[in-house]
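Notes follow the structure.
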Amino acid sequence: MNISKILEDLQKLVKAGIIKSHESLKDHVFTKMGGQADILAIPTTYEEIQNIVTYAHQNGVPLTVLGNGSNVIIRDGGVRGIVLQTSSLSAMGLKEDNILFAQCGAKIIDVSRFALEKELTGLEFACGIPGTVGGALYMNAGAYGGEISHVLDSALVLRKDGQIDTMHGDMLQWGYRKSIFASGEYIVLEALFSMKAGVFAVIKSAMDDLTEQRESKQPLEYPSCGSVFKRPPGRYAGQLIQESGLQGTRIGGAEVSRKHAGFIVNADHATASDYIGLIHHVRKTVKDKFGVELETEVEIIGEE
């Protein structure tokens with residue numbers, strides 16, 4: 001790939017957004033580690049996203065979409081081609097009385113707080129999820145018994161060929177921590193959430209309770225990508241890891257949290273290789289001890 005040529009082309013297509021080459025992605029993800037993007041594009045409009053996606057598709061340039069990187073590990077070799085980050089598209093508001101809209105780069109925590117302000121119930125479970133709206137739809141994010149599929153009305157999406165469509169219901173192929181967006185065929189531009197009228201004090205009390213639970217149980221004092229593993233059928237990943245005696249285990253600067261065994265934290269300038277190596281060690285240990293194959297919830301992308 002001719003990075004200089006791609007950079008020059010994109011700067012003509014993206015007027016208000018940011019286009020950078022050889023940009024370190026450490027400051028763009030929650031784990032605070034990982035290599036460089038050949039090109040980082042931060043668009044500010046749907047048209048700019050459309051231009052970038054169409055350009056990448058027509059010219060065979062690899063394209064990776066990134067929200068705020070709360071559920072992503074970027075390998076130390078970085079990401080080839082274009083990394084499109086949606087963080088500048090963060091508007092939200094009301095379409096109708098009980099229909100809330102939010103752009104792909106809005107943090108789902110902020111959307112839950114907006115719903116509280118408008119006395120709308122349904123997104124309380126999301127008050128501690130650090131990802132963006134796009135990321136939340138991508139993995140059908142959930143917590144404390146709720147998940148995005150329970151409240152989503154529809155999604156405005158961009159296809160790889162640059163066409164914009166609206167998707168809803170069974171079209172989204174919801175599953176446990178997955179949706180149709182994992183196929184890479186569509187990019188979320190905007191989501192509509194179907195809410196119910198509620199009472200401010202009741203909604204706030206529920207959110208305060210969930211926030212207290214999260215802060216008391218999760219190692220929020222360290223960079224991490226949140227819960228690393230999906231819940232195995234009939235079991236809890238954190239419990240299996242704890243019972244395997246793995247809490248406090250380190251590879252380099254990555255450590256299995258002593259506070260919550262389901263988390264791996266960047267305790268001391270960890271590299272992505274440290275983090276991924278510890279994931280493999282945890283999986284092997286749990287498999288050997290319990291015969292359970294832990295499946296990662298976190299996305300691992302980029303080059304070795």
Side-chain angles (χ1 to χ4, degrees), residues 23-37 66-79 83 85 87 107-109 127-132 135 139 141-144 177 210-232 235-290 292-304:
E23 174 73 5
S24 173
L25 294 171
K26 287 184 178 181
D27 294 330
H28 297 271
V29 293
F30 266 49
T31 54
K32 301 300 180 188
M33 60 193 180
Q36 295 183 344
L66 187 68
N68 65 348
S70 61
N71 196 49
V72 175
I73 299 171
I74 296 172
R75 293 187 178 97
D76 298 316
V79 183
V83 174
Q85 187 169 36
S87 55
K107 294 178 181 177
I108 197 68
I109 287 177
C127 68
I129 297 175
T132 60
M139 66 173 296
Y144 303 109
R177 300 296 175 265
L210 294 178
T211 299
E212 183 179 353
Q213 289 185 52
R214 178 172 174 265
E215 290 177 348
S216 66
K217 295 177 181 178
Q218 297 181 12
L220 305 180
E221 64 273 22
Y222 291 107
S224 79
C225 57
S227 183
V228 176
F229 302 101
K230 295 180 181 180
R231 187 178 66 244
R235 308 296 292 270
Y236 290 97
Q239 183 180 8
L240 292 170
I241 296 166
Q242 182 177 352
E243 291 177 2
S244 297
L246 288 166
Q247 284 181 284
T249 300
R250 276 200 186 200
I251 292 180
E255 178 181 289
V256 178
S257 171
R258 299 169 190 270
K259 191 173 185 179
H260 189 310
F263 285 64
I264 293 176
V265 298
N266 183 348
D268 186 16
H269 302 95
T271 64
S273 295
D274 295 339
Y275 212 96
I276 294 166
L278 190 51
I279 287 174
H280 291 326
H281 176 67
V282 168
R283 293 185 71 197
K284 182 179 186 307
T285 303
V286 170
K287 174 72 170 177
D288 290 347
K289 187 173 180 63
F290 295 103
V292 176
E293 190 79 53
L294 291 179
E295 184 181 350
T296 52
E297 180 173 307
V298 62
E299 291 277 320
I300 301 174
I301 63 173
E303 305 291 323
E304 296 289 353

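Heavy atoms only: backbone and side chains are in, while hydrogens, waters and symmetry mates are out.
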Rounded to the nearest 0.5 Å, how far apart are [atom1] of [X] and [atom2] of [Y]?
X      : Y      : atom1 : atom2 : answer
His281 : Thr249 : NE2   : OG1   : 5.0 Å
Leu66  : Asn71  : CG    : CG    : 11.0 Å
Ile264 : Ser227 : CD1   : OG    : 10.0 Å
Asp76  : Met33  : CG    : CE    : 8.0 Å

Would you say [X] and [Y] make side-chain contact, with heavy atoms under 4.5 Å?
X      : Y      : value
Gln218 : Lys259 : no
Ile241 : Phe229 : yes
Ser87  : Thr132 : no
Glu303 : Arg75  : no
His28  : Val83  : no

Side chain [X], main chain [Y], donor-acceptor under 3.5 Å:
X      : Y      : result
Asn266 : Pro223 : no
Glu297 : Val228 : no
Arg177 : Val298 : no
Tyr275 : Ala270 : no
Asn68  : Phe30  : no

Problem - Check: Thr271/Asp274 side-chain N/O donor and acceptor closer than 3.5 Å - result: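 Judged by distance alone, the side chains do pair up.
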Give a yes or no on whether [X] atom [atom1] has more than 12 heavy-atom contacts from other residues, nucleotides or ligands under 6.0 Å away.
X      : atom1 : value
Glu221 : CD    : yes
Arg214 : CZ    : yes
Tyr236 : OH    : no
Lys284 : NZ    : no

Practice task
Could you list the residues that satisfy ring pair (Phe, Tyr, Trp, His ring centres under 6.0 Å) with His260, not counting sequence neighbours?
Solution key: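 So His260 forms a ring pair (Phe, Tyr, Trp, His ring centres under 6.0 Å) with Phe263.
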Problem - Sequence-distant partners of Lys32, salt bridge (Lys or Arg N to Asp or Glu O under 4.0 Å), two or more places apart - result: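 None.
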Handout entry: Partner set under salt bridge (Lys or Arg N to Asp or Glu O under 4.0 Å) for Arg258, not counting sequence neighbours
Key =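 Result, salt bridge (Lys or Arg N to Asp or Glu O under 4.0 Å) vs Arg258: Glu255.
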